[in-house]
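Report on one structure; see the data block that follows.
All residue numbers refer to positions in the sequence shown, counting from 1. Only heavy atoms go into these numbers, but all of them, side chains included; no hydrogens, no water, no symmetry mates. Since this is a predicted model, take the numbers as computed values, not measurements.
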Amino acid sequence: MTYVVGLMSGTSLDGVDIALLDITEPDGHVSTKLIDFETVPFQASIVDEIRQSLSMERSDSRLICSLNFKLGVLFAECVKMICSKNGISASELGVIGSHGQTIFHQPEQVGDFAASTLQIGEPAVIAYETGATVVSNFRTMDMAAGGQGAPLVPFTELLLYRDPKKNRLLQNIGGIGNVTVLPHAATLDQVFAFDTGPGNMIIDDLMQRLFNRGYDESGEIAESGTVNQALLAECMKNPFIKAPIPKSTGRELFGKEYTDHIFTTYSHLPAEDLIATMTMFTARTIVSNYEQFVFPKMTIDEVIVSGGGSYNKTLLRYLAELLDGKCAVLTQEDIGYSSDAKEAVAFGLLGYETLHRRPSNVPNATGAREHVILGNVTYPPLKY
């Protein structure tokens, strides 16, 4: 038995997800049990610093340098909190897998700017404060091997969700949407995955501007609005939606600048209609990608939704209507898992695999030339 903590701070900027796991390997097969899960919301000041760091106009190297260490302290506190709650010492952990906060992700070269990615949350601070080994910076080795550094959870989804008879789609709807395709009884080389486009990112941004609320709880605002077909048609022209796979994206494409354009150009629309339209945009991008890249290859039995979007009833309804009975639309809770915990669990498991020197990228998902061991390992100080 090995205690492991997975940390995830995603593009939605709602806080730090912390999963405490018990990982065993009976008969050489990895078995993962979720002991506890918590989400620690970011303080408003930290959210503002992250937003500044993400902004092309407001960011600077001093800010990012400082924020890297601030987040390291915060991540360490989160680890110690969940360990204390469950009666163990953080130093007893076999490993902490920390995704970090993405500041910029550019999967392909643009002009003179190289394909690159940056996640912060200093692992040395986490290791020093907790006394545990930390695996971080998961995306860079995949990119060094020619991949896009995303998505990274498909390996863990294969371990946790493979079914002997059902073809499954694991659709995460966080800030960005991404899908993992799991054929029944799949081998690693049969799995593929890609980002589908925006998840909650645009919806949440507009909710903050229009209603001073961080998100559309249960999809109530979207439910009260009407989808504007002209705005939806413009959004669906975004070239990312029809871009070939593998592909990945983030705030650099669907962040503040994108929402600024929508907010300014369509300010004459009722606020509820803007939310409804962007909710439908998320659903349409997901289904459009299925129609292009999944359905021609296989019949799908189940779409299993995770992330914050799984709680948006209007978004789930839109998805089901667009799929028109082709497959069942379920949530993680419907099959006995946690939508909130899924990605934190994944990075805990990825950290465990890295510590055991086992590759855990999926080249069919990222476009990498080969299987590689992900992440950088940071050891805590030696105790004599």
Output side-chain donor-acceptor pairs under 3.5 Å for residues 185-192, partner residues at least two apart or in another chain, one line each.
| from | atom 1 | to | atom 2 | distance (Å) |
| --- | --- | --- | --- | --- |
| Thr187 | OG1 | Gln190 | OE1 | 3.4 |
| Gln190 | OE1 | Thr187 | N | 2.8 |

* Any pair counted as salt bridge (Lys or Arg N to Asp or Glu O under 4.0 Å), so long as it reaches residues 321-336, sequence neighbours left out -> Arg317-Glu321
* Asked: Who passes side chain to side chain donor-acceptor pair (under 3.5 Å) against Ser224, sequence neighbours left out?
  -> none
* To do: Measure the shortest side-chain to side-chain distance between Tyr352 and Thr32 over non-hydrogen atoms and say whether it is less than 4.5 angstrom.
  => no
* Should side-chain heavy atoms under 4.5 Å link Ile, Leu, Val, Met, Phe, Trp and Tyr, which residues sit in the same cluster as Val110? -> none
* Identify whether Leu158 and Val372 are in the same connected component of the hydrophobic contact network (ILVMFWY, side-chain heavy atoms under 4.5 Å). => yes
* Quick one: hydrophobic cluster around Val125, which other residues, with the 4.5 Å side-chain cut-off, linked directly or via members? -> Phe69, Val73
* To do: Could you verify whether a donor N or O on one side chain and an acceptor N or O on the other, from Asp273 and Tyr266, lie under 3.5 Å apart?
  => no
* Any pair with a residue in residues 353-373 that passes salt bridge (Lys or Arg N to Asp or Glu O under 4.0 Å), sequence neighbours left out, goes on the list, sorted by first then second residue, please. => Glu25-Arg358, Glu353-Arg358
* Between CZ on residue Phe295 and CG on residue Leu169, distance to nearest 0.5 Å -> 6.5 Å
* **Residues Glu122 and Tyr128: side-chain donor-acceptor under 3.5 angstrom** => no
* With sequence neighbours left out, write down each residue that passes side chain to side chain donor-acceptor pair (under 3.5 Å) with Ser248, or none if nothing qualifies. => His105, Gln148
* Residue pairs, two or more places apart or on separate chains, that pass salt bridge (Lys or Arg N to Asp or Glu O under 4.0 Å) and touch residues 146-164 -> Glu157-Lys342
* Salt bridge flag under 4.0 Å for residues Asp48 and Arg58 -> yes
* **Pairs involving residues 288-303, ordered by first then second residue, that meet salt bridge (Lys or Arg N to Asp or Glu O under 4.0 Å) (sequence neighbours left out)** => Lys166-Glu302, Arg168-Glu302
* Tyr3: ring-ring contact (aromatic ring centres under 6.0 Å, His included) partners, not counting sequence neighbours -> none
* Only counting residues at least two apart or in another chain, list the ones meeting side chain to side chain donor-acceptor pair (under 3.5 Å) with His356. => none
* Asked: Would you find more than 12 non-hydrogen atoms of other residues, nucleotides or ligands less than 6.0 Å from Tyr379 atom OH?
  -> no
Which pairs would a plain distance check flag for residues 74-81, meaning a side-chain donor or acceptor within less than 3.5 Å of a matching protein atom at least two apart in sequence or in another chain?
none

* Asked: Would you call the rings of Tyr337 and Tyr161 parallel, tilted or perpendicular if under 30° counts as parallel and over 60° as perpendicular?
  -> tilted
* Measuring from Asp340:CG to Glu38:CD, what's the distance to the nearest 0.5 Å? -> 11.0 Å
* To do: Give a yes-or-no answer on whether the side chains of Ser306 and Asn172 include a donor-acceptor pair shorter than 3.5 Å.
  => yes
* Just by distance, with hydrogens left out, do Ser288 and Gln292 show a side-chain donor and acceptor under 3.5 Å apart? -> yes
* **Leu20 side, atom CG; Ile82 side, atom CD1 - distance, nearest 0.5 Å** => 5.5 Å
* Asked: Should Thr130 and Leu93 count as side-chain neighbours, where that means a heavy-atom distance under 4.5 Å?
  -> no
* What distance separates Asn228 CG from Leu274 CG, expressed to the nearest 0.5 Å? -> 8.0 Å
* Could you tell me whether the side chains of Glu220 and Ser218 share a donor-acceptor contact shorter than 3.5 Å? => no
* Report yes or no: do Val181 and Ile176 belong to one cluster of Ile/Leu/Val/Met/Phe/Trp/Tyr joined by side chain heavy-atom distances under 4.5 Å? => yes
